[in-house]
Amino acid sequence: MIVDRAANAVVLAWLLLTALAVLVRDHLPAPDWLLIHVFLLGAVTNAIVAWTDRFATARLRLPAPPQWWPATRLLALNAGVAAVLRGATNGHPELATAGAAIVVGIVCAYVTVLTVRSRRAWRGRFGHVVAWYASSGLALIAGGTLGGWMASGRAPAMWHMRLEAAHMHANLLGWVGLALLGTLFALWPTVLRIRVPAALARLSLCLTVPGLVVAVIALAANARWIALAGLLLYTAGAALSLVPFVRTRRHTPAAWMLAAATAWFLIALVTDLVIVATRPPAEVAQGLEPLLPIALGGFVLLAVVAAIRSLRSRLSPPIAGVAVGCLLTALAVVFATSGQTEAPVQTVAASGTRVVDVTLANMRISPGTIEAAPGTRLVLRVTNKDAMQHDLRLDSGQATPMLDKGESATLTVPSVKGTIDGWCTVPGHRAAGMTMQIKTASHHTTASDQPDVMAHPSPGWKPYDAALKSAPGAKEHRVELHATDRQLEVAPGVQQTMWTFGGTVPAPVLRGKIGDTFVITLVNDTTMGHGIDFHAGSLAPDVPMRTIQPGERLTYRFKAEHAGAWLYHCSTMPMLQHIANGMYGAVIIDPPDLPSVDREYVLVQGELYLGQPGSAAQVAKMREGRPDAWMFNGTAAGYDHAPLTARAGDRVRVWVVDAGPSSSTAFHIVGAQFDTVYKEGAYLLRKGDPGGSQILDLAPGQGGFVETVMPEPGHYPFVDHDMRHAENGAHGILKVTR
């Protein structure tokens, strides 16, 4: 009797701990996981072990167990539960595994002792109860073993999600569900005051147990349809528990409560069937998480009614108060777990290479969902901002090391296909909500698709060198350009496959004087045809601008007859795609007697179209003139993070070429006035003229330069004064010091 009271007190203590966890859940290391497991593993498991043993003893008139057994069972079981909770939430997998082993061992001993005692007792019409309780215990042994395996960190990462689904089904439908169904069949005769055929209970047992076994094994083995068949069998067996109620006309309030709770349970089972039928096993656990509080309500209502009936049967009066506590605590858990906010979603709809910052903090992975176009190469920069250790593992095989606070690591997903799950492998953290998903999404250009030009570039990024060197003294310039495909950072944290001349966007700047000869050798190192067109030369395009195939070489010779800032670009059709994907550069031919200046820069403005080069989505944006961003020298907002420099009083010359392929530009330096403007081979304004200029306006393919004297130290933004372009990447900083 003393041990019985102690068991009830332990159940009540776990309920109080659950209630306390609800109140301080925001300060817990694993809030949702702890709420569920303190309640289910602590309160409910203790209640099942103590109350089913008492119920079976009374119904079957079992001989008393050895005096030492109930107390030993109670102490060892709760030591194991405490070890699981402590180890899982504090990153000690060995402790969590040991605790799971203790819980499994105690339940195994409980089943063995109950079975041995029942063999020496009168079975009668309630003999099936022992089979129900033994099956329930075996289910906990299976579910607990799976949980311990996952907590140890030794379970294969690729299996984790489906093992979790199997673990949940074994524990909820097996350990809890079978125990309550067995009790229900034993309670109907008392509640309805009828004789319930033992054959009906045995038939239900013969359906539910094999169905559960099939479902658990199939979920672990990634066999969805076999799992569905097993759950259908289980549901059919569970539905038989309502037969006595349906066949009886006299329905007491207690009978209605039992029927309502059973119906609630069946509704949860049907929902489970839908989830299993519509999701692969790897996604079942995630789909069941919102269902768990609903299922808990049904289970607990069954337990409450069972406890009340036990009270009337004079089995254990304290159980009623504890059972009411179960119901209230379950409602608190339902409220707390169902009120959590969804993890943020980040859309990375354009393909190519995209860099996403991922943070680990407050038992959450943010963003919780990343949506990317099929084929996108994702680079995840993972940073732990929590006081405790975390990591990130993807079911596609990539994983970070365990990260301390402030540490970072990088994961690369070569090509996004389907759904990729990610989670923290610290025991308990995944169940607590430290999960994420990478999903494919069809591309629709929206504001969320635009690169974040306010973000920071990737570590190690270097800007295109905008400083323009003086024209060499030689009259002939020989240059070899290789057409190559390169992964380049085209906006802060955004990488994209670009088609290039010489491996950069823009291509290398060429400079000379009137009368100089340029001999350009083009080598095609790509897998498609390319050509080249120099606006700085005048000659028939038939031969020098022809397309050459992969592995071929072409020599292009021209003489610079006129000064100017000239564009060169790929000449292969469709030129829209080749230019927009990065195949352009500038040729600077100095006007006669061009004076020297303190600083001289060149900026080639181009449009950025994110996506797989040549894909239908990317080409559609090009044809409609919908760039994702605008760039100076191949990176949107690059010179915000690596400013150009000058000193106060310096004369600065900026050459500008508009590579388009579709957008014009209106180049402007905020806070400065141009006293020299040279556009398309002619001066529009010279130093000493009374007027000034604010804009160098260029159509696609045009070029020129401006000069200004920096009046004082400060930061002078330079922009395309078409603000659509400026606010989407066509801006930078000229930093002037003393």
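Residue numbers run from 1 in the order of the sequence given.
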Could you pull out all donor-acceptor pairs under 3.5 Å where a side-chain atom in residues 681-693 meets a protein atom, sequence neighbours excluded?
unit_1 : atom_1 : unit_2 : atom_2 : d
D689   : OD2    : R686   : N      : 2.9
S693   : OG     : I695   : O      : 3.3

Inset, instruction - Nearest 0.5 Å please: distance from the CG atom of N728 over to the CD atom of E607. - result: 12.0 Å

Legend entry - D590: which of K513, R653, R511 passes salt bridge (Lys or Arg N to Asp or Glu O under 4.0 Å): R511

Legend entry - Test of ring centre spacing under 6.0 Å for Y556 and F534: yes

Inset, instruction - Could you tell me the separation between the CD1 atom of I420 and the NZ atom of K439, rounded to the nearest 0.5 Å? - result: 12.5 Å

Inset, instruction - Starting at NE2 of H390, measure out to CG of L392 and round the result to the nearest 0.5 Å. - result: 11.5 Å

Legend entry - Considering all heavy atoms, the nearest R393-T425 contact: NE-CG2, 3.5 Å

Legend entry - Backbone of R651 reached by a side-chain donor or acceptor of D598 within 3.5 Å: yes

Legend entry - From F501 atom CZ to E480 atom CD, the distance as rounded to the nearest 0.5 Å: 13.5 Å

Identify every side-chain donor-acceptor pair in residues 460-470 under 3.5 Å, counting partners at least two apart or on other chains, and give the distances.
unit_1 : atom_1 : unit_2 : atom_2 : d
Y464   : OH     : A507   : O      : 2.9
D465   : OD1    : A467   : N      : 3.1

Inset, instruction - Please report the shortest heavy-atom distance between R738 and R647, naming the atom on each side. - result: O-NH1, 2.5 Å

Inset, instruction - Heavy atoms only: give me the nearest S408-T383 pair and the separation to one decimal. - result: OG-OG1, 2.8 Å

Inset, instruction - Please list, chain by chain and in numerical order, all residues satisfying side-chain contact (heavy atoms from CB on, under 4.5 Å) with A726, sequence neighbours excluded. - result: V719, M723

Legend entry - All side-chain hydrogen bond (donor to acceptor under 3.5 Å, both in side chains) counterparts of D720, not counting sequence neighbours: Q605, T665, H725

Legend entry - Inter-residue atom distance M545.CE - L554.CG, 0.5 Å rounding: 10.5 Å

Legend entry - Residues that Q702 engages under side-chain hydrogen bond (donor to acceptor under 3.5 Å, both in side chains), provided they are two or more places apart: none

Inset, instruction - Using the test salt bridge (charged side-chain N to carboxylate O under 4.0 Å, His left out), find all partners of E489 that sit at least two apart in sequence or belong to another chain. - result: none

